[in-house]
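In this chain, residues are counted from 1 in sequence order.
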Amino acid sequence: MTSFSKTPLLDTIRTPDDLRKLKVEQVRQVADELRQETIDAVSVTGGHFGAGLGVVELTTAIHYIFDTPRDRLIWDVGHQAYPHKILTGRRDRIRTLRTGGGLSGFTKRTESDYDPFGAAHSSTSISAGLGMAVARDLSGGKNNVIAVIGDGAMSAGMAYEAMNNAGAMNSRLIVILNDNDMSIAPPVGAMSAYLSRLYSGKTYRSLREAGKQLSKHLPKVLADRAERVEEYSRGFMVGGGTLFEELGFYYVGPIDGHNLDHLLPVLKNVRDMENGPILVHVVTQKGKGYGPAEASADKLHAVAKFDVATGTQTKAKPNAPAYQNVFGQSLVKEAQRDDKIVAITAAMPSGTGVDIFNKAFPDRTFDVGIAEQHAVTFAAGLATEGYKPFCAIYSTFLQRGYDQVVHDVAIQNLPVRFAIDRAGLVGADGATHAGSFDNAYLGCLPNFVIMAASDEAELVHMVATQVAINDRPSAVRYPRGEGRGVEMPEVGIPLEIGKGRIVRQGNKVALLSFGTRLAECEKAADELAAHGLSTTIADARFMKPLDVELVLKLAREHEILITVEEGSVGGFGSHVMQTLSEHGALDNGMLRFRSMVLPDEFIDHDTPAAMYAYAKLDAKGIVAKVFEVLGKDAKTDTIKLAGA
């Protein structure tokens with residue numbers, strides 16, 4: 001590299017082995033250059049930003065002190081792992097982040113040996129790390145296992161389940177709690193760093209152990225007092241690690257996560273400890289080192305491409321309102337007329353549009369943290385008391401609360417209203433965030449009303465429909481991104497339950513859409529018409545209860561019936577097929593039926609358009625399916641017919 005490089009030291013590092021060859025006094029420069037490279041890369045790609053900037057020093061220190069990838073390093077969620085990717089042999093591809101064929105925005109096992117566990121849903125790192133630590137112990141290995149988890153992710157019950165198990169097993173596991181929700185004043189930072197070094201060093205550990213042994217031989221009153229003094233002094237002076245100690249963890253911290261003079265010696269001491277588990281409490285600042293991020297309310301958690309000098313993001317001008325905002329605004333209008341409506345989200349207020357509701361009704365809005373299981377049962381409890389809870393959770397995250405949906409909501413037939421955002425394929429976040437399965441996993445549950453909005457105006461009416469459903473649970477699904485730009489109703493009018501609608505009338509081919517593929521069905525119908533194939537388009541609106549009358553009418557009056565949905569096999573198409581077979585509509589061999597669903601695989605990140613093209617769920621794919629059903633030469637024949 002030339003001498004003009006802004007990152008001369010980072011340029012010499014291909015893997016952490018190169019980093020570990022440097023002198024300790026050079027590590028600060030590596031961190032500074034790593035921050036610069038992260039800012040430059042994300043300005044080109046967009047993506048998660050603030051979290052990565054907050055862990056630059058921590059990332060550098062971990063890779064410097066520990067022997068990765070032999071020592072296993074797990075990043076919880078993984079959205080803070082961009083600096084980690086730069087240091088672990090992926091710098092040359094970092095500007096392909098979240099693009100088709102490029103690097104994942106999260107950790108991914110198939111991408112690198114330095115990613116021992118794939119993540120994108122939070123709060124899994126301690127459980128996975130404990131599994132790796134136990135596997136190491138069973139195999140007689142000696143390597144370290146390090147899980148880095150944020151304070152937000154620690155709001156999930158799964159993290160505590162794992163810690164409770166780890167503490168009971170006494171397995172040697174290192175958990176680093178990355179706390180970016182508070183700031184450390186310099187004197188507290190210096191004091192805590194001194195104490196953390198002391199507590200993580202061998203002298204204090206052996207003294208403490210000696211004290212514990214001695215206390216066994218003291219009279220009980222004295223022994224209890226001695227233990228309490230030690231516990232309170234540590235709890236008071238070291239920032240309150242008592243909870244973690246009660247769970248069986250040796251607590252170290254809090255330490256300043258941006259001060260390498262504090263981080264490096266503590267991590268070295270922790271690495272050399274022979275027993276565990278250990279929790280290191282590190283305090284960081286999200287967005288650290290980039291002014292616009294530090295100044296932003298969300299520390300620029302996720303960004304579009306941006307100008308490095310100003311931080312200005314180059315977002316495309318929307319042509320239509322985003323579905324999540326339509327949901328939020330619709331719910332506000334409904335709640336103005338009904339004081340029993342409340343909104344619940346699991347740490348995604350802006351992603352779900354609940355932030356809009358929160359501005360209007362702060363006392364009726366509940367963000368329960370990353371705790372989807374709790375969110376669902378909390379909503380069930382509200383429903384038992386006559387309230388109308390709207391539980392707004394992404395499809396992919398609702399999977400985490402599935403037992404509660406079945407057991408606490410469906411079995412009791414409680415009118416919890418699920419607003420399922422990010423239905424279908426989502427683009428740059430890839431397979432981990434795709435809403436592929438909710439049609440299938442909710443469709444098999446008795447008592448549910450399940451709707452999918454075909455456009456943003458339909459969503460307004462479906463929110464009103466959910467308000468009116470008071471005798472059973474309901475769900476409405478809608479995708480990520482903008483609507484179609486249709487004319488919006490002033491107020492939502494409840495739809496007739498279980499009734500679809502004919503959008504366009506034809507006589508040969510029927511396309512029955514569930515959700516926002518309706519727009520692609522309309523494009524496909526135009527092309528089919530040009531080939532002389534008269535096409536009916538229907539919008540199912542409801543998957544449960546299904547509009548049986550509409551389905552049988554389409555089957556009777558057309559040669560071909562094709563269902564189209566943004567979901568896996570086992571969803572809407574399966575319900576239609578079941579209905580057709582039960583009513584004997586397939587017995588005479590006259591109807592040719594197909595259901596178009598997502599392919600039976602996890603689709604990697606790309607643009608939504610490219611992903612749907614790959615899944616063959618765009619207009620081109622629908623047209624191809626019709627001709628496939630008609631037979632190979634049908635396209636040529638219909639063109640001849642149309643021109644005749």
Hey, does Pro389 have a side-chain heavy atom less than 4.5 Å from the side chain of Arg417? yes
Examine Lys544 relative to Phe448 and say whether NZ or CZ is less than 6.0 Å from the centre of the six-membered ring and inside a 45° cone about the ring axis. no
Say whether Glu566 and Thr516, considering side chains only, have a donor N or O and an acceptor N or O under 3.5 Å apart. yes
With a 3.5 Å cut-off and no angle check, do the side chains of Asn439 and Glu565 form a donor-acceptor pair? yes
Could you tell me whether Phe361 and Phe357 have their ring centroids closer than 6.0 angstrom? yes
Return yes if a side-chain donor-acceptor contact under 3.5 Å exists between Thr284 and Asn178, otherwise no. yes
Could you tell me if the side chain of Leu445 sits less than 4.5 Å from the side chain of Val405, heavy atoms only? yes
Donor-acceptor pairs are to be reported for all side-chain atoms of residues 421-431 against protein atoms at under 3.5 Å, with residues two or more places apart or in another chain.
| from | atom 1 | to | atom 2 | distance (Å) |
| --- | --- | --- | --- | --- |
| Arg422 | NH1 | Gln324 | OE1 | 3.1 |
| Arg422 | NH1 | Gly351 | O | 3.1 |
| Arg422 | NH2 | Tyr394 | OH | 3.0 |
| Asp429 | OD1 | Arg98 | NH1 | 2.6 |

Classify the side-chain pair Lys286/His301 by whether it contains a donor and acceptor separated by less than 3.5 Å. yes
Heavy-atom check, side chain of Val326 versus side chain of Tyr478, under 4.5 Å: no
Heavy-atom pair of closest approach, residues Leu53 and Arg35: O-NH2, 2.9 Å
OH (Tyr402) with more than 12 external heavy atoms under 6.0 Å: yes
Looking at the rings of Tyr290 and Phe306, which for Trp means the six-membered one, are their centres under 6.0 Å apart? yes
Would you say the side chains of His121 and Thr396 form a donor-acceptor pair under 3.5 Å? yes
Stepwise side chain to side chain contact (heavy atoms under 4.5 Å, CB included) test for Tyr160 and Ile126: CA-CA 9 Å; Tyr160 293 95; Ile126 305 175; over 6 Å; no
Locate the shortest heavy-atom distance separating Ala159 from Ala153; write the atom from each residue and the value. CB-O, 4.2 Å
For a 4.5 angstrom cut-off between non-hydrogen side-chain atoms, does Val282 reach Asp179? no
Short side-chain donor-acceptor distance under 3.5 Å, Gln466 and Ser474: yes
Tell me if a side-chain donor or acceptor on Lys388 pairs with a main-chain N or O of Pro415 at a distance below 3.5 Å. no
Looking at Asp338 and Arg364, is there a salt bridge between them, counting it only when a charged N and a carboxylate O are closer than 4.0 Å? no
Contact between Leu382 and Val342 at the side-chain level, heavy atoms closer than 4.5 Å - yes or no? yes
Do other residues, nucleotides or ligands put more than 12 heavy atoms under 6.0 Å from the OH atom of Tyr387? no
Spacing of OG1 belonging to Thr365 relative to CG belonging to Asp363, to within rounding of 0.5 Å: 8.0 Å
Spacing of Ile94 atom CD1 and Ile86 atom CD1 [to the nearest 0.5 Å]: 4.5 Å
State whether the side chain of Asn447 and the backbone N or O of Ala410 hold a donor-acceptor pair below 3.5 Å, judged by distance alone. yes
Indicate the atoms forming the closest heavy-atom contact of Ile356 with Val332, along with that distance. O-CG2, 3.9 Å
Check whether the side chains of Tyr82 and Glu37 place a donor and an acceptor atom closer than 3.5 Å, and report yes or no. no
Result block: side-chain N/O donor-acceptor pairs under 3.5 angstrom for residues 451-464, not counting sequence neighbours:
| from | atom 1 | to | atom 2 | distance (Å) |
| --- | --- | --- | --- | --- |
| Ser454 | OG | Arg501 | NH2 | 3.2 |
| Ser454 | OG | Asp539 | OD2 | 2.8 |
| Asp455 | OD1 | Ala457 | N | 3.0 |
| Asp455 | OD1 | Glu458 | N | 2.9 |
| Glu456 | OE1 | Arg484 | N | 2.8 |
| Glu456 | OE2 | Arg484 | N | 3.2 |
| Glu456 | OE2 | Gly485 | N | 2.6 |
| Glu456 | OE2 | Val486 | N | 3.2 |
| Glu458 | OE1 | Arg541 | NE | 2.7 |
| Glu458 | OE2 | Arg541 | NH2 | 2.9 |
| His461 | ND1 | Ile493 | N | 3.0 |

Over all heavy atoms of both residues, which pair between Ala346 and Ala371 is shortest? Give the atoms and the distance, please. CB-N, 4.2 Å
Criterion side chain to side chain contact (heavy atoms under 4.5 Å, CB included) on Ser395 and Tyr441, from CA distance to verdict: CA-CA 10 Å; Ser395 169; Tyr441 72 64; 4.2 Å; yes
Answer yes if the side chains of Gln36 and Asp40 hold a donor-acceptor pair under 3.5 Å, and no otherwise. yes
To the nearest 0.5 Å, atom CZ of Arg400 lies from atom NE2 of His374 at 14.5 Å
Start with the C-alpha gap between Val368 and Ile344, add the side-chain angles, then the distance that decides, and say whether side chain to side chain contact (heavy atoms under 4.5 Å, CB included) holds. CA-CA 7 Å; Val368 301; Ile344 299 160; 4.2 Å; yes
Please indicate whether Glu487 has more than 12 foreign heavy atoms, meaning atoms of other residues, nucleotides or ligands, lying under 6.0 Å from its CD. no
Kindly indicate whether the side chain of Leu414, heavy atoms from C-beta on, has any atom under 4.5 Å from the side chain of Thr384. yes
Does the ring centre of His433 sit less than 6.0 Å away from the ring centre of Phe397? yes
Taking the six-membered ring for Trp, are the ring centroids of His48 and Phe106 within less than 6.0 Å of each other? yes
Are Glu111 and Arg90 ion-paired here, with the side-chain N under 4.0 Å from a carboxylate O? yes
Which atom names give the shortest non-hydrogen contact between Thr345 and Ala392, and what distance separates them? OG1-O, 3.6 Å
Please find the pair of heavy atoms, one from Gly47 and one from Val42, that lie closest to each other, and give the distance. N-CG1, 4.1 Å
Check: Thr310/Asp307 side-chain N/O donor and acceptor closer than 3.5 Å: yes
Any side-chain donor near an acceptor of the partner, His84 and Asp115, under 3.5 Å: yes
Main-chain N/O of Thr124 paired to Asp76 side chain as donor or acceptor, under 3.5 Å: yes
Can Asp355 and Ser350 be said to form a side chain to side chain donor-acceptor pair (under 3.5 Å), step by step? CA-CA 5 Å; Asp355 59 335; Ser350 59; 5.1 Å; no
What about the rings of Phe514 and Phe572, do their centers lie closer together than 6.0 Å? yes
Val283 vs Asn180, test: side chain to side chain contact (heavy atoms under 4.5 Å, CB included). Steps then yes/no. CA-CA 6 Å; Val283 178; Asn180 55 34; over 6 Å; no
